[in-house]
Amino acid sequence: MSLNPPDLSTPPETTTHETVVTDTPLQVWFDGSVMRQDVAHIPLTTHALHYGSGVFEGIRCYPTADGGAAVFRLAEHLERMRLGARALGADFNLARVHDACLQVVRANRHRDSYIRPLMWFGTGALALDLAPLTQHLMVASLPWTPHLGEHRQRLTVSPWRRNRAAALPPLKLCGNYVNSLLAKREAGTRGFDEALFVDDDGFVVECSAENVLMVKDGRVTAVEHADALPGITRATLIELTAAESRPVPLDELLDADEVFVCGTSAEVASVASIDDRAFNATPFTRELQALYTRIVHGQEPRYLSWLTHV
Ligand code: PMP
């Protein structure tokens, strides 16, 4: 099996996961100004706090070999955020959010970090009509390492169903995430790392914050489902591996040679097991992880267009 199309002969370089630690308090961008996080306040009657009326993104910034840093697929993240804002009827100035993301990373002098833009509805009423409410935008950047950690993931099929796309569009609307929180929490109480959503017909949807891919007989398949978030990492991996994107029943996933999950924060994470089905060696996943690491750190010349230098 081979990844398509990059040259994999280069040995993977070690990721430094270096974080610039300073005594300076964390800076955030809030409604047009960069300020200390601890002085930025919002009212308790903030609409989004009560009803989840907001949209966010999760974006990664990585150190590059030249001593700088670069944001991975910023344009794609902001386009998805724009779709979420449009679904809520919120104003969204993409160029402004783009600049805010870069400004806050620079202000914090972060390199290996997670960027969190959030647009939300504020005050003016507590009824459900969004039109009279104030709208706000903040961007935070936080020092970061992959949220699933380095170990192989132990998944469990969740008793929860994923939000149906017909009820909540698969976008990063704040309220959508209660569904993920419930599933993640339930999986944790049974000792698993992560929850795998399956639909009523037995098709795999996604995990609480990752999309799912599998390898069988050397062929890579990306699980496709209308209720799953259209992941940017998933799209990246499809491009890298020429994976087929199609619906996958749980039985087929359990029969795969390798399973891995992916997301901006999780990156490419190998799956050790799904309930009592264990997956052994994951050579393809390891190779793909190494390639992804090189790409996000700007070490693969043909993918430099995916990086925005800070
Ligand atoms: N599904 C869900 C529910 C998510 O929250 C995420 C993380 N954004 C993903 C999939 C992966 O998406 P992406 O690769 O764009 O981060």
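As the structure lists them, so they are numbered: ligands from 1, and atoms in each ligand from 1.
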Is the NZ or CZ atom of Arg116 both under 6.0 Å from the centre of the six-membered ring of Tyr114 and within 45° of that ring's axis?
->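 No.
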Tell me the closest heavy-atom pair linking [X] and [Y], and the distance in Å.
X: Gly191; Y: Arg154; value: O-NH1, 2.9 Å
X: Phe192; Y: Leu155; value: CD2-O, 3.5 Å
X: Ala165; Y: Ala226; value: CB-O, 3.4 Å
X: Thr264; Y: His77; value: OG1-CE1, 3.2 Å

Ligand 1 N/O within reach of [X] N/O, cut-off under 3.5 Å:
X: His77; value: no
X: Ser180; value: no
X: Gly58; value: no

With heavy-atom distances below 4.0 Å as the criterion, list the atoms of ligand 1 near [X].
X: Ala209; result: 1 (N), 2 (C), 3 (C), 4 (C), 5 (O), 6 (C), 7 (C), 9 (C), 10 (C), 11 (C)
X: Arg162; result: 3 (C)
X: Glu206; result: 1 (N), 2 (C), 3 (C), 10 (C)
X: Thr264; result: 13 (P), 14 (O), 15 (O), 16 (O)
X: Gly231; result: 12 (O), 13 (P), 14 (O), 15 (O)
X: Gly263; result: 11 (C), 14 (O), 16 (O)

Within the distance-only criterion (no hydrogens, no angle test), does the side chain of His297 pair as donor or acceptor with the backbone N or O of Thr293 below 3.5 angstrom?
->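 Yes, the answer is positive, given that a donor and an acceptor are paired below the 3.5 Å cut-off.
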Determine yes or no for a side-chain-to-main-chain donor-acceptor pair under 3.5 angstrom, with Lys184 supplying the side chain and Asp193 the backbone.
->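 Pair found, side chain donor or acceptor close to backbone of Asp193.
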Is there a heavy atom of Ser208 sitting under 4.0 angstrom from any atom of ligand 1?
-> yes
Is the closest heavy atom of Glu76 to ligand 1 under 4.0 Å?
-> no
Salt bridge flag under 4.0 Å for residues Glu252 and Lys216 |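 No salt bridge links Glu252 with Lys216.
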So between Lys172, Arg60, Glu57, whose heavy atom ends up nearest atom 8 (N) of ligand 1?
-> Lys172
